[in-house]
Amino acid sequence: MTATQKKRLTTSAMIASIAAEGQPTQPAPFGHALVELARQRQDIVGLTADLSKYTDLHLFADAYPDRFFQMGMAEQLLMSAAAGMAREGFTPFVTTYAVFASRRAYDFICMAIAEENLNVKIACALPGLTTGYGPSHQATEDIAIFRGMPNLTIIDPCDAHEISQVVPAIVDHQGPVYMRLLRGKVPLVLDKYDYRYQHGKAQRIRSGKHAVIISSGLMTMRALEAAEELEKRGIDVGVVHSPVIKPLDEATILKEAGEAAIGGRLVITAENHSITGGLGEAIAATLMRHGVAPRFRQIALPDQFLAAGALPTLHDQYGISTSAMVAQIEQWILS
């Protein structure tokens, strides 16, 4: 194989880990964190709609079979049952795919859970473009769908390190939570930066004099990788991680964007979600309302149904791979 040839991708790349080759990973951080937490909290129960293996909830099912409920392929029933359990004093953790929760069970989450502000934690796999199996499984608009729902906290963790910390944090939060779930072998990134999840807070991971990227989810991993590559090219880019999409940490974002505006730095939002209705638009609206006007750009998925295919190819095609981010940011900075 020559240096210019790429490794041939197989069908398995459609469901491949988002970790780069050789990157440290941790298996099933959500499942392990929930099992550990359930040892201390007898009120925790787990429910899924025929997807325990594919949301890492099978670890909880094995450890606590009497506290696990397999509801079958019936997402509306899944959410309604969780609401009933919450009313009886349990803390249900509900898992399914993000497309099924947002598109199929929205009204049941809204009426049965959110309106009553019940203590249900909804953790959903395959957020954004984390599967190559086309629009039926790609939840590219889940945040846009849920942002308008009152009482619902929305969290988009970056990596295994953060997921392990988010699970106990959301149990302490009173009210419903929607968490975008990275499953299987999840990259370890933020541990290198001594990062600790703070519920409701955005945090600066690194500083930069030319631009600042405000990102969530796996795009914080990509942002940090892009910043390292851009540094080699003489471009200094900071990264602010905003795992909580709603309620947005407006104070931190206004501070970071305000400093960027004064210094003439570019503010870039990066998200594994449609450009419509997600983190980028939430931040843009916040800046407009408060009269903060830096140079502003978005890295996000396009407002369209995406193709099926191998994940690495799709991430390049739709601009959320590290190399695509580097090329785009370099163009913005130098233009």
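Being a predicted model, the structure only gives us computed values, none of them experimental. Numbers for residues simply follow the sequence, beginning at 1.
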Calculate, to the nearest 0.5 Å, the distance between atoms [atom1] and [atom2] belonging to [X] and [Y] respectively.
X    : Y    : atom1 : atom2 : value
I268 : R295 : CD1   : CZ    : 8.5 Å
Q298 : E281 : CD    : CD    : 6.0 Å
D249 : K201 : CG    : NZ    : 5.0 Å
T96  : M71  : OG1   : CE    : 12.0 Å
L266 : I333 : CG    : CD1   : 5.0 Å
C158 : L224 : SG    : CG    : 7.0 Å

Q | F93/V45 under side chain to side chain contact (heavy atoms under 4.5 Å, CB included): CA gap, chis, key distance, verdict | A | CA-CA 6 Å; F93 272 78; V45 294; over 6 Å; no
Q.
Quick check on side chain to side chain contact (heavy atoms under 4.5 Å, CB included): which of I299, I213, V239 does M219 satisfy it with?
A.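 Of the listed residues I299, I213, V239, the side chain to side chain contact (heavy atoms under 4.5 Å, CB included) partner of M219 is I299.
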Q.
Here's a test for you: under side chain to side chain contact (heavy atoms under 4.5 Å, CB included), which of D236, V240, V212 qualifies with R206?
A. D236
Under a 3.5 Å distance rule, please check whether [X] uses its side chain to pair with a backbone N or O of [Y] as donor and acceptor.
X    : Y    : answer
H315 : L129 : yes
K121 : M179 : no
Y318 : A307 : yes
R147 : G277 : yes
D56  : R183 : no
H273 : I143 : yes

Might you point out which heavy atoms bring [X] and [Y] nearest each other, and give the distance in Å?
X    : Y    : result
P150 : A114 : O-CB, 3.6 Å
F60  : G46  : CE2-N, 3.3 Å
A86  : V120 : CB-CG2, 3.8 Å
R222 : I18  : NH2-O, 3.5 Å
A83  : I113 : CB-CG1, 3.9 Å
Q23  : V189 : NE2-CG2, 3.7 Å

Would you please say whether a donor-acceptor pair under 3.5 Å links the side chains of [X] and [Y]?
X    : Y    : result
H161 : Q26  : no
Y133 : Q138 : no
T95  : T48  : yes

I want to check something: taking the side chain as every heavy atom from C-beta on, are [X] and [Y] in contact at a cut-off of under 4.5 Å?
X    : Y    : answer
D142 : Y178 : yes
N119 : P176 : no
L152 : K246 : no
F68  : H58  : no
F30  : L182 : no
T286 : L254 : yes
T153 : P247 : yes
I245 : S216 : yes

[X], [Y]: one ILVMFWY side-chain cluster at the under-4.5 Å cut-off?
X    : Y    : result
L37  : Y197 : yes
M325 : F296 : no
I44  : V166 : yes
V35  : L51  : no
V94  : L34  : no

Q: Using the side chain to side chain contact (heavy atoms under 4.5 Å, CB included) rule, take H290 and E250 through it: C-alpha gap first, then chi angles, then the decisive distance, then the call.
A: CA-CA 10 Å; H290 291 84; E250 293 190 349; 3.6 Å; yes
Q. Given V267 and R297, is the side chain to side chain contact (heavy atoms under 4.5 Å, CB included) satisfied, shown in steps?
A. CA-CA 6 Å; V267 172; R297 296 290 186 273; over 6 Å; no
Q) Step by step, would you call Y193 with R204 a side-chain hydrogen bond (donor to acceptor under 3.5 Å, both in side chains)? A) CA-CA 10 Å; Y193 298 89; R204 181 191 293 178; over 6 Å; no
Q) Taking only residues at least two apart or on different chains, which pairs with a member in residues 326-335 satisfy salt bridge (Lys or Arg N to Asp or Glu O under 4.0 Å)? A) R233-E330
Q. Quick one: salt bridge (Lys or Arg N to Asp or Glu O under 4.0 Å) pairs with a partner in residues 83-109, sequence neighbours left out?
A.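 Residue pairs with at least one partner in residues 83-109: E75-R104, R87-E116, R103-E141.
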Q: Run the numbers on D156 and R180 for salt bridge (Lys or Arg N to Asp or Glu O under 4.0 Å), then give the verdict.
A: CA-CA 5 Å; D156 191 16; R180 299 179 109 205; 3.4 Å; yes
Q: Mind running side chain to side chain contact (heavy atoms under 4.5 Å, CB included) on T25 and L188 for me, showing each step along the way?
A: CA-CA 5 Å; T25 61; L188 277 168; over 6 Å; no
Q) Where do T313 and D316 land on the side-chain hydrogen bond (donor to acceptor under 3.5 Å, both in side chains) test, with the steps shown first? A) CA-CA 5 Å; T313 301; D316 279 337; over 6 Å; no
Q | Note: E228-K232 ion pair, threshold 4.0 Å (strictly below) | A | no
So does [X] have more than 12 non-hydrogen atoms from other groups sitting under 6.0 Å from [atom1]?
X    : atom1 : result
Y64  : OH    : yes
F90  : CZ    : no
K185 : NZ    : no

Q: Report the residue from T269, T220, N272 that forms a side-chain hydrogen bond (donor to acceptor under 3.5 Å, both in side chains) with S215.
A: T220
Q: Please work out whether the ring planes of Y106 and F146 are parallel, tilted or perpendicular, with thresholds of 30° and 60°.
A: parallel
